[in-house]
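To find a chain, count down the sequence lines: A is the first, B the second, and so on, and within it residues start at 1.
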There are 2 protein chains.
Amino acid sequence: MRESVTGPARAQRADARSNRAAILDAAQEVFGEGGESASTEEVARRAGVGIATVFRHFPTKSELLVEVLVQRFGRLRDRAAELTGDANPGEALFVMFTEIVTDAPGKIAIADALVDAGGVTGRAEQASQELSQAVDVLLRRAQQAGAIRADVGLPEFYALMVGMSRAGAHAQLDLEVRTRAQRVIFDGLTPAAATEDA
Amino acid sequence: MRESVTGPARAQRADARSNRAAILDAAQEVFGEGGESASTEEVARRAGVGIATVFRHFPTKSELLVEVLVQRFGRLRDRAAELTGDANPGEALFVMFTEIVTDAPGKIAIADALVDAGGVTGRAEQASQELSQAVDVLLRRAQQAGAIRADVGLPEFYALMVGMSRAGAHAQLDLEVRTRAQRVIFDGLTPAAATEDA
DNA sequence: GACTATACGGAGTCATCACTCCACTTGGCA
DNA sequence: TGCCAAGTGGAGTGATGACTCCGTATAGTC
């Protein structure tokens with residue numbers, strides 16, 4: 001896409017390409033750990049390049065963050081698509097829930113840093129929407145299979161997922177506690193659990 | 001307590017006392033809105049005092065944040081104690097859950113800012129523990145009354161609560177979505193919803 | 001009303017961080 | 001092997017924000 005706008009642009013040099021990859025990897029780590037407070041300089045150090053190089057590849061801290069997020073969302077979206085073929089739709093949804101929550105700590109730190117940097121661009125938003133659409137498909141399938149109560153929509157399912165993600169990301173929940181908390185949610189999502197009062 | 005350590009310390013001047021209060025109020029607002037990125041200068045402006053005055057009352061940004069948090073936790077703890085007398089223990093627990101989640105947006109921003117400022121001192125931690133103990137009492141009462149499944153402990157209950165708080169704080173959930181998500185959790189907390197597999 | 005300890009305001013200091021400039025290096029082609 | 005466009009590193013730069021210094025104002029007392 002970038003090429004189609006600026007023309008067929010001469011291919012990058014090999015060192016530039018590998019530096020770009022190293023920077024992205026380092027950024028994953030650094031922003032995943034340090035979140036908003038992590039500095040671009042630390043990314044450069046971890047990637048083994050100068051700061052200028054980071055800024056040449058990603059003109060802005062925001063753009064680097066966006067790229068990292070887009071990659072991460074993309075991976076999860078692919079995973080959701082994969083799970084759409086699963087024979088047990090209810091189980092598939094729960095697996096997805098768990099994977100997103102597990103993946104969350106780093107992602108959240110990065111997303112927060114991005115908000116902080118003021119740069120929630122279209123690209124990140126689009127990647128996030130693609131993921132939520134993929135999750136929506138999983139949710140509907142599970143409902144059609146009768147594994148999930150019908151009065152739950154994507155927004156509240158997402159709220160529950162984001163909630164568990166954030167709870168885990170900040171409070172460092174140990175696995176057992178998180179599992180038990182998720183069981184409560186999963187049980188609550190069951191058709192049998194639905195209560196009917198206003 | 002402060003007096004007992006430093007001696008009976010001559011009383012503060014009236015203007016100092018009211019400025020201190022104004023600063024705390026302003027800090028509630030400012031940090032509640034802006035979180036980590038809010039500046040002490042903004043607090044001073046909003047309180048109608050100079051920056052030096054803020055720093056005289058609270059020698060460090062951290063200490064100001066701690067004070068704000070302690071107040072907030074204290075208020076919720078009192079509310080929990082109040083609800084402990086409620087005739088319907090299950091309902092009381094849900095009310096507490098909802099109130100904590102509702103109160104959360106500002107509190108979370110402040111807590112995050114505090115972590116960011118690196119100063120989670122004993123005082124803030126203690127206030128937070130007092131709150132969780134008060135919630136624990138509510139939880140046990142509800143379990144004894146048979147309103148809540150027995151296999152749920154304070155940690156996972158807290159995880160669910162913190163999760164909803166954080167989901168709401170960051171994603172700006174509208175009331176209806178939050179209500180539906182909470183219903184899923186409440187239904188899942190019901191004894192009838194408990195599943196028994198490993 | 002005068003006096004002074006207490007408290008105040010805001011200009012200044014210092015550190016940090018995103019981002020730039022430019023002299024130097026190097027991949028890739030002839 | 002030599003050339004040079006493409007790429008690099010790191011010392012700046014400017015903005016921001018926590019915190020300090022000190023001359024001025026005022027609450028509270030006689």
Side-chain angles (χ1 to χ4, degrees), chain A residues 2-3 6-24 26-27 30-31 34-68 110 112-119 121, chain B residues 2-3 6-24 26-27 30-31 33-68 110 112-119:
Chain A
R2 192 177 313 128
E3 283 78 8
T6 51
R10 170 177 275 113
Q12 268 187 325
R13 242 165 63 174
D15 54 346
R17 230 175 306 124
S18 81
N19 273 339
R20 191 188 143 94
I23 291 166
L24 275 173
V30 172
F31 292 132
E36 30 268 343
S37 60
S39 73
T40 316
E41 213 154 338
E42 176 62 24
V43 173
R45 201 174 309 128
R46 194 92 58 113
V49 302
I51 330 159
T53 300
V54 175
F55 280 98
R56 194 164 320 101
H57 286 283
F58 306 94
T60 263
K61 191 184 186 183
S62 273
E63 284 179 60
L64 175 54
L65 288 165
V66 167
E67 198 59 37
V68 171
I110 294 164
D112 285 351
L114 182 57
V115 168
D116 212 63
T121 68
Chain B
R2 191 178 314 128
E3 284 78 7
T6 51
R10 168 177 278 111
Q12 269 187 324
R13 242 166 62 175
D15 55 346
R17 230 175 307 122
S18 82
N19 273 338
R20 191 188 142 95
I23 290 167
L24 275 173
V30 172
F31 292 132
E33 292 164 14
E36 30 270 344
S37 60
S39 74
T40 317
E41 212 154 337
E42 176 62 25
V43 173
R45 202 174 307 128
R46 194 93 56 112
V49 303
I51 329 158
T53 299
V54 174
F55 279 98
R56 195 166 319 102
H57 286 283
F58 306 93
T60 263
K61 192 184 185 183
S62 274
E63 285 180 59
L64 175 54
L65 288 165
V66 166
E67 199 58 38
V68 171
I110 294 163
D112 285 352
L114 182 58
V115 169
D116 213 63

Whole-Å gap separating C1' (C/dC17) and CG (A/Leu65): 14 Å
OP1 or OP2 of C/dC8 versus the side-chain N and O atoms of B/Asn19: is any pair under 4.0 Å? yes
Checking D/dG9, D/dA27, C/dA7 against the side chain of B/Gln12 (C-beta onward), the nearest is C/dA7
How is B/Ala52 classified with respect to the nucleic acid when contacts are heavy atoms under 4.0 Å: base, sugar-phosphate, or nothing? base
For B/Arg20 and C/dC8, give me the distance from atom CZ to atom P, rounded to whole Å. 12 Å
Identify the pairs formed between an N or O of the protein and an N or O of nucleotides 12-19 of chain D at a distance under 3.5 Å, and give each distance.
residue : atom : partner : partner atom : Å
D/dA18  : OP1  : B/Lys61 : NZ           : 2.7
D/dA18  : OP2  : B/Thr40 : N            : 3.1
D/dA18  : OP2  : B/Thr40 : OG1          : 3.3
D/dC19  : OP2  : B/Lys61 : N            : 2.9

Rounded to whole angstroms, how far apart are CZ on A/Arg45 and P on D/dA11? 13 Å
For B/Arg17 and C/dC8, give me the distance from atom CZ to atom C1', rounded to whole Å. 16 Å
Name the closest nucleotide to the A/Arg56 side chain, picking from D/dT8, D/dT20, C/dA7. D/dT8
What verdict does the side-chain contact (heavy atoms from CB on, under 4.5 Å) test give for A/Phe58 and A/Val66, after you've listed the backbone C-alpha separation in whole Å, the side-chain angles of each residue and the deciding distance to 0.1 Å? CA-CA 10 Å; A/Phe58 306 94; A/Val66 167; over 6 Å; no
Would you say B/His57 places a side-chain N or O within less than 4.0 Å of OP1 or OP2 belonging to C/dA7? no
Nearest heavy atoms of B/Lys61 and B/Ala38, plus distance in Å: NZ-O, 3.0 Å
Any A/Arg13 side-chain nitrogen or oxygen under 4.0 Å from OP1 or OP2 of C/dT26: no
